[in-house]
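Notes for the one structure printed next.
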Amino acid sequence: MTNYFHSVTLEEDKCRGCTNCIKHCPTEAIRVRNGKATIIKERCIDCGECIRVCPYHAKKAVTDPISELSKYPVKVALPAPSLYGQFGQDISRERILKGLLELGFDWVFEVAKAAEIVSDATRRIIGAGNVKKPVISSACPAVVRLVQVRFPNLINNLLKIESPMEVAARIAKQTITERENIPAEEIGIFFISPCAAKVTSVKAPYEKKESFVNGVLSMKDIHIKLLEKIKSIPWDFDGDLVSSGAYGVGWAGSGGECSALETPRTLAVHGIHNVINIFEEIVEDRLKNVDFVEALSCTEGCLGGPLTVVNPFVASTNLKWQVNRAKERDFSGENTAADYQDLLWTKDMEYKPILKLDDNMMKAMIKMQKLEEINDGLPGLDCGACGSPSCRALAEDIVRGLAFETDCIFKLREKVSDLADHMKAFEHIYRQKTED
Amino acid sequence: MSSIIKKEYDIPANDFSLAGEASSNVRKLLTQLGVYPTVIKRTSIAMYEAELNVVIHGNGGKARVEIFEDKIEILVYDEGPGIEDIELAMKEGYSTAPDFIREMGFGAGMGLSNIKKNSDRFVLESEPNKGTRVYITIYLY
Ligand SMILES: Nc1ncnc2c1ncn2[C@@H]1O[C@H](COP(=O)(O)OP(=O)(O)O)[C@@H](O)[C@H]1O
Ligand code: SF4
Ligand code: SF4
Ligand SMILES: [Mg+2]
């Protein structure tokens, strides 16, 4: 995989160059040039905001097709906890998991269970005390990428533990190879994903060399087929498939990871622009008395992921019911991470300074001076007609050599009217000359 | 030598939600210049505290930020009530902030010492009933 694999991509045919997306992107990664949107790869964090706002559905998340399953003799489903919020209150977790088996999987392993293990490791790490506080959750890959490109000072605050998805994949692979004596290459591990960010984190991981996950399926792609299967499963089915308690199930929504820590000094923020605001408070030392920050890119957390089906607020109500039901069972004794060393990241994260104007600081200053000058001459309407997200962003694009002042329609109009004045003056002189 | 980049910001009185706007702007600017993350961090903490003091104690004021080849110079000033005893004000934990402000989580009396700690040069000038001026210098390298 190249350094810049991204799940979020543009379908050019559908794009009308409307500029809706450019203003919503949290890293100013989109420009409209020649009537079509383009994504600046270095800047994109796969948050999926642009997928949500595009009225023509021209932005999409690339996921694996279900046909990938046939490549592996043994197929394992790893449902993200957010899957449980996609069904009404008459559909139990047991039925959802059984439904996955009927879809063609041989095993299901709840990511929610792995989430409980991650929470236990987190409790131990915070308790041990030798970490930079507040510790910031690394469960949402879009947020981790955001830190990497925009908040270098927070890289050391990130919880350097693998995500529940990775932990689940690893346990599933180990358990099946050991118990069934099946070689690892024959086992296909498929994550059922609420978002594009998870796809990217599997295809181009930042925390280690290679992911344990073999494929990522979109929740949207399987939803209808799964529902059909579920409908034919008796309502009181119990096949011993569930393995997670209430905390793990609750991870799907905003605040879930915090509650699993059982400590009051936590903060949960969701929605990428809100996350940015909280991160600014942290870098300026303004956030006091908080040991742990759960930061999720989507509104209502993963329940609001761009590949989910149900409205996030409805999904949140659905999930509450699943959480309450899960309270009847307690698996907490099993889901411990006394030896969490295995779960730590094996690669250091490097700051990727996407915003700097030049590698040489002096040159960057000269460019900044120029940028300010150009910006002062622009109308300040942030209309987006030039294809850059704001007037300032256009000024930045101009000093980077990626755009022209006349991309601004107001500047263009000025130039045209200047030109017209020149022509008039010229015509006047010409007439005088010919009359003489 | 004159500065390469110069910026001015207004700091409104009594609006906590706007305190931090100037420092956050400066942080973006420094990030675009490729300034070291640790230097950016010190600058934004120092500037935020100075800004906050103008909001809470100074009845609003202004900030002037100048960037030179090798340093950042910040002046945060107001024409508010000023400081009677500068030495006392500099003491960690000393604060005249009223209770309701302390209840909001501000006014721990650490601001001025925090500014000093994070800057390479720090000068505080103040005169009762005239106003307060905080000069901060931070080297880029
Ligand atoms: N700009 C200012 N105008 C007037 N008084 C100030 C100003 N800045 C600081 N002070 C005084 O100095 C004291 C200490 O400031 P600081 O260390 O920032 O603590 P805090 O702001 O938490 O009170 C303040 O309580 C106030 O009395
Ligand atoms: S996925 Fe997010 S970061 Fe990437 S282009 Fe879309 S809005 Fe920007
Ligand atoms: S909040 Fe959850 S669904 Fe949304 S991008 Fe992050 S991990 Fe994906
Ligand atoms: Mg203060």
Side-chain angles (χ1 to χ4, degrees), chain A residues 26-28 43 132 146-157 267 273 276-290 349-376 390 392-393 395-397 399-400, chain B residues 1-8 16-17 19-52 55 65-72 102-108 110-111 113-115 117-118 139-141:
Chain A
T27 52
E28 297 194 333
R43 290 191 174 198
K132 204 165 162 212
L146 176 78
V147 168
Q148 187 178 27
V149 300
R150 269 192 64 172
F151 294 96
N153 285 312
L154 298 182
I155 290 179
N156 288 332
N157 294 66
L267 180 148
H273 296 282
I276 290 171
N277 290 340
I278 289 294
F279 284 0
E280 296 200 329
E281 295 212 6
I282 302 174
V283 277
E284 276 167 21
D285 259 357
R286 279 146 61 187
L287 189 70
K288 312 274 189 224
N289 303 319
V290 170
M349 173 159 279
E350 238 178 85
Y351 171 36
K352 291 203 173 138
I354 52 165
L355 299 175
K356 72 179 174 188
L357 294 172
D358 201 290
D359 284 338
N360 177 302
M361 209 190 288
M362 196 56 216
K363 282 188 188 153
M365 282 190 200
I366 307 283
K367 283 188 183 168
M368 179 60 76
Q369 207 174 28
K370 193 93 197 293
L371 189 161
E372 297 280 352
E373 232 170 73
I374 296 170
N375 187 42
D376 287 345
S390 64
R392 203 180 162 81
E396 191 189 316
D397 289 345
V399 294
R400 286 183 195 274
Chain B
M1 208 178 47
S2 67
S3 56
I4 301 174
I5 296 155
K6 188 168 167 177
K7 297 283 256 180
E8 308 247 1
F16 292 98
S17 66
E21 211 172 65
S23 54
S24 157
N25 261 304
V26 170
R27 189 154 37 75
K28 278 183 202 136
L29 195 83
L30 298 178
T31 307
Q32 286 193 306
L33 295 179
V35 170
Y36 294 120
T38 47
V39 175
I40 297 179
K41 181 166 182 151
R42 283 165 51 212
T43 310
S44 50
I45 291 175
M47 185 158 174
Y48 171 70
E49 288 291 354
E51 226 182 301
L52 195 61
V55 172
V65 177
E66 290 185 273
I67 301 170
F68 297 80
E69 210 170 313
D70 59 338
K71 66 183 176 195
I72 309 160
R102 235 167 283 182
E103 271 159 30
M104 287 174 67
F106 301 103
M110 302 297 286
S113 51
N114 227 345
I115 301 174
K117 209 162 59 196
N118 283 288
Y139 292 105
L140 290 174
Y141 298 95

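Note on naming: letters A, B, ... go to the chains in the order of the sequence lines (proteins, then strands), and numbering restarts at 1 for each one.
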Exercise. Is there a side-chain contact between A:L146 and A:I276 (heavy atoms, below 4.5 Å)?
Worked result: yes
Seminar exercise, completed: Taken in chain and number order and not counting sequence neighbours, the residues that satisfy salt bridge (Lys or Arg N to Asp or Glu O under 4.0 Å) with A:D376 are none
Would you give me the side-chain donor-acceptor pairs under 3.5 Å for residues 282-290 of chain A, sequence neighbours excluded?
from, atom 1, to, atom 2, distance (Å)
A:E284, OE1, A:R286, NH1, 2.5
A:E284, OE1, B:S23, OG, 3.4
A:E284, OE2, B:S23, OG, 3.4
A:E284, OE2, B:R27, NH2, 3.4
A:K288, NZ, A:D285, O, 2.7

Less than 4.5 Å to any heavy atom of chain A: does that hold for the side chain of [X], its backbone, both, or neither?
X     : value
B:I5  : side chain
B:K6  : neither
B:F68 : backbone

Could you tell me whether [X] atom [atom1] has more than 12 heavy atoms of other residues or ligands within 6.0 Å of it?
X      : atom1 : result
B:F16  : CZ    : yes
A:K132 : NZ    : yes
B:E8   : CD    : yes

Seminar exercise, completed: In terms of heavy-atom pairs under 4.5 Å with chain A, the winner among B:I40, B:T38, B:L29 is B:L29
Exercise. With respect to chain A, which residue among B:V35, B:I45, B:L33 yields the maximal number of heavy-atom pairs within a distance under 4.5 Å?
Worked result: B:L33
Problem set entry | Under 4.5 Å from a heavy atom of chain B, the part of A:E396 involved | side chain
Problem set entry | Interchain contact, A:E372 with chain B, by part (heavy-atom threshold 4.5 Å) | side chain
Problem set entry | Between A:E281, A:Q369, A:K363, A:R150, the one whose heavy-atom pairs under 4.5 Å with chain B are most numerous | A:Q369
